[in-house]
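We name chains A, B, ... by the order of the sequence lines, and we start the count at 1 in each one.
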Amino acid sequence: MQTIFDTLKERGYIAQTTDEEAIKKLLSKPGVAFYIGFDPTADSLHVGHFVALMVMSHMQKVGHMPIALLGGGTAMVGDPSGKTDMRKMMTKEIINYNANCFKSQMSTLVDFSQGKALMVNNGDWLLNLNYVDFLRDIGAHFSVNRMLSAECFKQRLEKGLSFLEFNYMIMQGYDFLHLFKKYNCMMQLGGDDQWSNILGGIDLVRKKEAKEVYGLTFKLLTTSEGKKMGKTEKGAVWLDPAKTSPFDFYQYWRNTNDPDVINCMKLLTFVSMDEIREFETYKDEKINEVKKRLAYEVTQIVHGQEEANRCLAQAQALFEQGGKSDTMSFTSLSDEEKENGIGMLDLMLKAGLIPSKGEGRRLILQGGVYLNDVVVADPARQFTKADFIESEAIIRKGKKVYHKII
RNA sequence: GGGAGGAUUCCCGAGUGGCUAAAGGGGGCAGACUGUAAAUCUGUUAGCUACGCUUUCGGUGGUUCGAAUCCACCUCCUCCCA
């Protein structure tokens with residue numbers, strides 16, 4: 001009989017555990033409350049959070065009780081772990097707004113109905129603490145000497161660490177204690193960068209309550225080259241369709257590097273291990289098929305089946321048939337522009353394909369602009385109504401960016 | 001509190017009176033090769049009504065024919081000593 005721990009291990013989620021045997025035993029019976037914290041530092045979850053949501057979902061499926069902790073209190077301080085610079089301080093209003101955005105996104109993967117999972121906000125218990133009481137009650141149990149040797153502060157000890165951020169670990173530890181007392185929360189999970197913070201909480205529970213609780217970290221989603229995944233030149237890949245369109249989201253996974261595909265499949269989809277093992281034997285061009293599957297599965301989980309189908313169809317239309325697509329982004333011209341024509345550069349600027357005309361001129365001179373699949377050679381070319389084919393025209397920039405003019 | 005140094009184009013980082021829209025690297029974009037991949041190679045990377053013009057080197061003011069470069073003040077940052 002395979003346990004949830006085995007599943008997580010097999011799929012490659014687990015990075016570190018505090019006590020593997022004890023955790024295995026603990027998780028073998030359903031109903032274990034565990035928590036994962038999410039600091040609302042942006043108005044949408046991103047791919048980095050997605051792995052955590054997947055773990056929650058896996059755990060919930062076998063009957064454990066996820067507690068999603070929104071860091072309304074800790075976000076006021078800012079986690080220095082692994083950060084090279086201090087974060088910008090955020091206002092309470094923004095933090096609250098962000099926390100609300102997180103809620104709905106989490107619900108797509110974790111079932112919060114009928115008490116099957118909880119969502120709490122540490123602002124509820126952190127923000128009204130009395131400073132001196134807190135120091136005497138909690139602060140006394142933390143050794144500065146030990147904290148300073150923690151891996152998560154290492155980088156910051158060289159570049160500078162404010163006292164504000166130094167307290168983050170203590171606050172997170174207090175969260176664990178609070179959740180243990182209130183919900184009998186036995187485990188904290190988190191990204192591997194949270195290891196020191198998690199240990200802090202476990203120590204605190206042991207000291208205050210004389211009980212053993214456990215920690216488990218999962219691997220951060222990185223490429224085979226060790227770079228963090230989920231970042232593009234435009235910033236993070238968001239789960240919010242308004243910030244990263246489902247199509248861009250789909251395309252991000254569609255373009256995964258060969259060596260990373262299997263790993264992503266295991267971590268980001270629910271595709272069975274039997275099937276994944278089959279995929280592992282694929283080579284060269286055949287890997288492309290796996291990428292299609294990966295993109296579809298991940299998009300489906302985040303944006304739903306309907307949206308995933310649409311992305312798939314659009315990608316096929318664009319890349320495999322070279323044809324049109326109804327869901328392509330578009331710009332409509334006014335009657336006057338249609339009548340008098342408009343410069344290609346002006347048109348592309350209007351369509352948001354280029355940030356400036358200089359950039360557009362360069363693109364055209366380098367042969368990177370196509371109108372209805374014909375290279376545009378002259379930067380001064382005018383776009384006229386003669387360019388419409390069945391009342392629309394398609395501009396392509398480079399290989400992958402399509403835009404429709406109507 | 002005392003002392004030293006720094007702030008340069010998307011990022012890192014040269015430049016210390018005209019040759020500087022500013023080296024080099026990273027990143028981005030485009031082209032070649034491909035599998036909508038990676039790696040590699042090539043070009044390009046402030047804006048414009050473009051052989052010219054305008055804006056840019058933390059902010060403000062000044063010196064000069066001419067300033068990213070010199071001076072004054074201001075803001076912010078880092079380091080060392082206490």
Side-chain angles (χ1 to χ4, degrees), chain A residues 83-89 155-162 164-165 222-237 245-265 279-280 282-296 298-299 311-325 327-328 342-371 373-382 394-403:
Chain A
K83 301 284 181 313
T84 45
D85 301 301
M86 186 173 163
R87 290 200 186 164
K88 283 184 194 125
M89 287 247 241
Q155 213 172 359
R156 293 302 297 279
L157 282 175
E158 284 164 24
K159 290 208 78 174
L161 174 71
S162 69
L164 173 78
E165 293 173 291
T222 55
T223 66
S224 55
E225 289 163 346
K227 287 182 192 152
K228 263 192 193 176
M229 281 195 81
K231 296 269 183 200
T232 69
E233 61 289 354
K234 284 163 197 145
V237 176
S245 77
F247 183 67
D248 288 343
F249 186 84
Y250 177 93
Q251 282 296 318
Y252 181 83
W253 303 110
R254 178 61 186 82
N255 288 318
T256 305
N257 292 171
D258 287 6
D260 301 322
V261 176
I262 296 297
N263 194 236
C264 288
M265 209 69 170
F279 291 146
E280 262 175 307
Y282 289 12
K283 286 195 183 102
D284 301 322
E285 285 184 57
K286 227 180 164 188
I287 295 176
N288 248 336
E289 298 307 312
V290 187
K291 291 183 190 177
K292 283 183 198 172
R293 180 69 184 281
L294 171 70
Y296 183 83
V298 182
T299 308
C311 293
L312 178 67
Q314 184 174 355
Q316 275 175 346
L318 247 39
F319 296 107
E320 291 173 29
Q321 289 146 29
K324 307 165 193 173
S325 164
T327 49
M328 200 185 288
I342 177 170
M344 272 308 283
L345 293 175
D346 290 305
L347 181 60
M348 286 166 70
L349 199 61
K350 183 183 164 89
L353 288 169
I354 48 172
S356 71
K357 290 193 197 176
E359 173 90 36
R361 205 166 270 124
R362 207 174 300 125
L363 265 170
I364 291 179
L365 290 175
Q366 295 187 130
V369 178
Y370 302 78
L371 177 59
D373 268 329
V374 180
V375 178
V376 176
D378 180 11
R381 189 192 195 286
Q382 284 289 114
I394 292 180
I395 296 179
R396 175 153 66 94
K397 176 189 153 226
K399 291 194 176 92
K400 298 180 189 176
V401 184
Y402 290 79
H403 195 89

**Study point:** For B:rU78, the Watson-Crick or wobble partner whose two distances fall under 3.5 Å
**Key:** B:rA4

Point to revise | Atom pair distance, as rounded to whole Å: OH in A:Y252 and C1' in B:rU36 | key: 15 Å

Review point. What's the closest nucleotide to the A:D258 side chain, out of B:rC48, B:rU36, B:rG35?
Key: B:rG35

Exercise for review: Scan A:Y370 against the nucleic acid and name what it touches under 4.0 Å (heavy atoms): base, sugar-phosphate only, or nothing.
Suggested key: sugar-phosphate

Check your understanding: For A:I364 and B:rC29, what is the distance between atoms CD1 and C1' respectively, to the nearest whole Å?
Key -> 14 Å

Practice item. Using both distances under 3.5 Å as the test, list the Watson-Crick or G-U wobble partner of B:rG24, or none. Key: B:rC12

**Study point:** With sequence neighbours excluded, residues passing ring-ring contact (aromatic ring centres under 6.0 Å, His included) with A:Y296
**Key:** none

Exercise for review: Determine the interplanar angle of the A:Y250 and A:F247 rings, folded into 0 to 90°, and report it as parallel if under 30°, tilted if 30 to 60°, perpendicular if over 60°.
Suggested key: parallel

Practice item. Please determine if A:K292 and A:E289 form a salt bridge, counting it only when a charged side-chain N lies under 4.0 Å from a carboxylate O. Key: yes

Exercise for review: Quote, to the nearest angstrom, the P distance that separates B:rU9 from B:rA23.
Suggested key: 13 Å

**Study point:** Ring centres under 6.0 angstrom apart (A:Y252, A:F249)
**Key:** no

Practice item. Between A:G367 and A:K291, just flag the one whose closest nucleotide in RNA chain B comes earlier from the 5' side. Key: A:G367

Practice item. Write down the distance separating the C1' atoms in B:rA68 and B:rU56, rounded off to the nearest Å. Key: 10 Å

Point to revise | Base-pairing mate for B:rG18 - Watson-Crick or G-U, with both contacts under 3.5 Å | key: B:rC65

Review point. Atom NZ of A:K292 to atom P of B:rU36: distance rounded to whole Å?
Key: 8 Å

Practice item. For B:rA67 versus B:rU60, give the span between their P atoms, rounded off to a whole number of Å. Key: 15 Å

Revision key, fill the gap. Partner of B:rC57 under the Watson-Crick or G-U wobble criteria, both distances under 3.5 Å, comes out as none

**Study point:** Gap in Å between the two P atoms, one belonging to B:rU69 and one to B:rU63, rounded
**Key:** 15 Å

Exercise for review: Nearest whole angstrom, please: distance from the C1' of B:rU36 to the OH of A:Y250.
Suggested key: 10 Å

Review point. What integer number of Å spans the C1' atoms of B:rU75 and B:rG59?
Key: 7 Å

Review point. Taking the P atom of each, how far is B:rC74 from B:rC80, in whole Å?
Key: 25 Å

Review point. Across all strands, who's sitting opposite B:rC51 as a Watson-Crick or G-U wobble pair, both distances under 3.5 Å?
Key: none

Exercise for review: Map A:K400 and A:L349 onto RNA chain B by nearest heavy atom, then report which one ends up closer to the 5' terminus.
Suggested key: A:K400

Point to revise | Where A:V376 and A:I364 come nearest, the two heavy atoms and their spacing | key: O-CG2, 3.3 Å

Check your understanding: The side chain of A:N288 lies closest to which of these nucleotides: B:rU36, B:rG47, B:rA30?
Key -> B:rU36

Review point. When the C1' atoms of B:rU8 and B:rG13 are considered, how many whole Å apart are they?
Key: 9 Å

Study note, to complete from the structure: Rounded to whole Å, the CE-C1' distance (A:M348 to B:rA30) equals 11 Å

Point to revise | Any residue meeting ring-ring contact (aromatic ring centres under 6.0 Å, His included) with A:Y370, in chain and number order, not counting sequence neighbours | key: none

Exercise for review: Let me know the distance between CD1 of A:I287 and P of B:rU34, rounded to the nearest Å.
Suggested key: 18 Å

Exercise for review: Taking all heavy atoms of A:P379 and all of A:L365, pick out the closest pair and write down the distance.
Suggested key: CG-CD2, 3.9 Å

**Study point:** Spacing of the P atoms in B:rU16 and B:rC71 (rounded, Å)
**Key:** 14 Å

Revision key, fill the gap. Taken to the nearest whole Å, CG/A:L363 to P/B:rG28 is 15 Å

Review point. Is the distance from OP1 or OP2 of B:rG35 to the nearest side-chain N or O of A:K283 less than 4.0 Å?
Key: no

Review point. Contact class for A:Q251 vs. all strands (heavy atom < 4.0 Å): base, sugar-phosphate, or nothing?
Key: base

Practice item. Could you please name the option among B:rA32, B:rA38, B:rC48 that lies closest to any side-chain atom of A:K399? Key: B:rA32

Point to revise | Option passing side-chain contact (heavy atoms from CB on, under 4.5 Å) with A:V261 (candidates A:K291, A:E280, A:R293) | key: A:K291

Practice item. State whether A:S356 places a side-chain N or O below 4.0 Å from either non-bridging phosphate oxygen (OP1 or OP2) of B:rG47. Key: yes

**Study point:** Where the chi angle of B:rC51 falls, syn if within 90° of 0 and anti if not
**Key:** syn

Check your understanding: Which nucleotide sits closest to the side chain of A:E285: B:rA38, B:rU36, B:rG35?
Key -> B:rG35

Practice item. Would you mind classifying the nucleic acid contact of A:R362 as base, sugar-phosphate or nothing, using non-hydrogen atoms under 4.0 angstrom? Key: sugar-phosphate

Check your understanding: Looking at the side chain of A:K397, which of B:rA37, B:rC29, B:rU36 is the nearest nucleotide?
Key -> B:rC29

Review point. Given atom CD of A:E359 and atom P of B:rG47, what is their separation to the nearest angstrom?
Key: 7 Å

Check your understanding: Has the side chain of A:Q366 got a donor or acceptor atom sitting under 3.5 Å from an opposite partner on the base of B:rG31?
Key -> no

**Study point:** Opposite nucleotide pairing with B:rC41, Watson-Crick or G-U, both atom distances under 3.5 Å
**Key:** B:rG31

